2 protein chains.
Amino acid sequence: MEGKQSNTVNALLGLLSIHPMSGYDIRQLIPGSIGHFWSESYGQIYPALKRMTAEGLIAKKTSRTKGKPVRHEYSLTEAGRTRLAAWLKVPPAAPAPVRSELLLKLFFGGQVGAEVSRAHVEDALAFEQKTLAVYEATERAIKAAHPHNPHLPFWLFTLNLGRHTSKATIEWCVETLKELDRLAGIDGQ
Amino acid sequence: MEGKQSNTVNALLGLLSIHPMSGYDIRQLIPGSIGHFWSESYGQIYPALKRMTAEGLIAKKTSRTKGKPVRHEYSLTEAGRTRLAAWLKVPPAAPAPVRSELLLKLFFGGQVGAEVSRAHVEDALAFEQKTLAVYEATERAIKAAHPHNPHLPFWLFTLNLGRHTSKATIEWCVETLKELDRLAGIDGQ
DNA sequence: GGAATCATGTAAGTAGTTACATGATTGA
DNA sequence: TCAATCATGTAACTACTTACATGATTCC
C-alpha cells in the first residue's frame, strides 16, 4: 500500500517488460512504440531508473566491452513484474484536461478576421494528414517486424485510436474551412 | 519583441475580451466556454491577473458595495486588446505531446488477461458517451443563450471538434471491444 | 580530423495542481 | 446555526522539458 508512484515508472516497467534495455535504448524505442500517446525525456528516464533500481523493481547489469562505452542494461525483477501487472489492472485515471492552443485561438477567432482562423485550420489539416500518414506507416512497420508477436494486437489497438481520431480531425478541418468561407463571404458582401 | 508569455495570459485576455470579470467569474465561466479544451486554476488565474495589471494589459476596478465582499473587476485595456489580436494571428504552436494512461495500459495489455483491457475500454466507452452528451448539451445551451452573437460560430467550431473526436473514440471503443472478445475467445479454446 | 551519434547523466527553469488560509454572505 | 458558496489569494509540491556537461566511437 505505498503511495501511487509516477506513471513514468509504470511506462518504464512496461517497456522493460518487452526486453531488457539501457536508458538510451528506452528513449530511442519510444517514437516507434508508445510515442504517439506517451513521452519521456532523458531528464525523467535516468533518475527514474535509479529510483527503480533502489526499490528493487529492476536490476542493473553493467557490461564493459573493450572499445565500447560502458553500458547499463536494466531488466525487470520479479517485484517489478508484479508491480507492472498490479498497475495494469487498476482502472486508468481520468484523462488529464487537454490544452489546445489551436482551439483557444479559434474560440476567440471573432476578435480578428475569419482568414486568420482559416489559416490556422489549414495548418492543422496539413499537420493532421501527416500525423495520419505516420500512424499508417507505423502500423505497416510493426506488422512487418513482429507478425507473430502475441502483443501485436494490443499495439495495434493504440494505433487504431490514433487513426480514428486523426480521420475525425481531418473531417472537422474540412467542414470548418467550408464554414469559415461562408462566414467570410457573408462579411465580404 | 518581448519573450513569449504564457498561454494563461492569452486565455485570460481572450475571456476578458468577452466582458469584464473578476478572477472568480473567470474560473466559473471556464467550464461552459473553453473548458473542454483549456483549463486554468485559481493558482494560475490570480497571479496572472496581478502580472497583467502590472504590465498594463488589463485595468482593475475595485467596487465596494455595502454588505458585499470587495469585488475586483478586470477589463482589457487598449494594450491588452492589441496584444490579444497579435497573439491570435500567430500560428498555434505544435500541440504538446499527449499522455494517455488508458493507451499506456492497453499497449502493455498482453502482460495480463484480455478481460483487464476489456474492462478499461468499456469504462472509456461509458466515459466518452457522457462526454459527447455534455458537448451536445453545451451546444444547445450556448445556441439558446447567444443566438445572434457574432462569436457563436467560432464557439461552435470548438465544440464540433469535440463531437467529432468523441464519436470517433466511441467507434474505436466498440471495435476494440469486439477485437478483445475475439482474442479472449481464441485464448479460451 | 571532424561531424554525427552513442551514451549517461545533472541542473535549472517552467508550468501547473492542490491544499491551505481567510472571511463574508446567503439560504435552509 | 450550519452548510454552501461567494471571493481572493498564497505556499508547497509535482511533473516535465531544455540546456548543459562529458566523453567515447564510428563513419566520412
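Residue numbers begin at 1 in each chain, while the letters A, B, ... track the order of the sequences. Keep in mind that this is a model prediction, so the values were computed, not measured.
In this structure, A:L12 places its CG atom 14 Å from P of D:dA15, rounding to the nearest Å. Computed from coordinates, the B:L29 CG to D:dC6 P distance equals 14 Å when rounded to whole Å. Between the CD atom of B:E73 and the C1' atom of D:dA7 there is a distance of 14 Å, rounded to whole Å. Between the CE atom of B:M21 and the C1' atom of D:dT8 there is a distance of 16 Å, rounded to whole Å. Rounded to an integer number of Å, the gap from A:R51 CZ to D:dT14 P is 11 Å. As a whole-Å value, the separation of A:K61 NZ from C:dA7 P is 15 Å. When the P atom of C:dT5 is taken as reference, atom CZ of A:R71 falls 18 Å away, rounded to whole Å. Residue B:Q44 contributes atom CD, which lies 11 Å from atom P of C:dT18 at whole-angstrom precision.
When the nearest nucleotides of DNA chain D are assigned to B:P97 and B:D25 by heavy-atom distance, the more 5′-ward of the two goes with B:D25. For B:Q28 and A:S41, each mapped to the nucleotide of DNA chain D holding its nearest heavy atom, the one lying further toward the 5' end belongs to B:Q28.
Note on A:S6: every side-chain N or O is 4.0 Å or more away from OP1 and OP2 of D:dT14. An OP1 or OP2 oxygen of C:dT8 is reached within less than 4.0 angstrom by no side-chain nitrogen or oxygen of A:Y24.
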inquiry  = Please determine whether salt bridge (Lys or Arg N to Asp or Glu O under 4.0 Å) holds for the pair B:R71 and B:E73, giving the CA-CA distance in whole Å, both sets of side-chain angles, and the decisive distance to 0.1 Å.
reply    = CA-CA 6 Å; B:R71 200 186 143 74; B:E73 204 175 60; 3.4 Å; yes

key: Working for side chain to side chain contact (heavy atoms under 4.5 Å, CB included), residues B:E40 and B:I34   = CA-CA 10 Å; B:E40 296 292 352; B:I34 61 174; 5.8 Å; no

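Using a 30° and 60° split on the angle between ring planes, B:H36 and B:Y135 fall in the perpendicular class, above 60°. Between B:F154 and B:F157, the angle of the ring planes goes over 60°, which puts this pair in the perpendicular group of the 30/60° scheme. Ring pair B:Y42/B:Y24 is parallel by interplanar angle, where below 30° counts as parallel and above 60° as perpendicular.
Closest heavy-atom contact between B:L84 and B:L76: CD2-CD1, 4.4 Å.
Ion pairing of B:R118 with B:E122 is present here, as a side-chain N (NZ or NE/NH1/NH2) and a carboxylate O approach within less than 4.0 Å.
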Identify the pairs formed between an N or O of the protein and an N or O of nucleotides 9-12 of chain D at a distance under 3.5 Å, and give each distance.
from	atom 1	to	atom 2	distance (Å)
D:dT10	OP1	B:K50	NZ	2.9

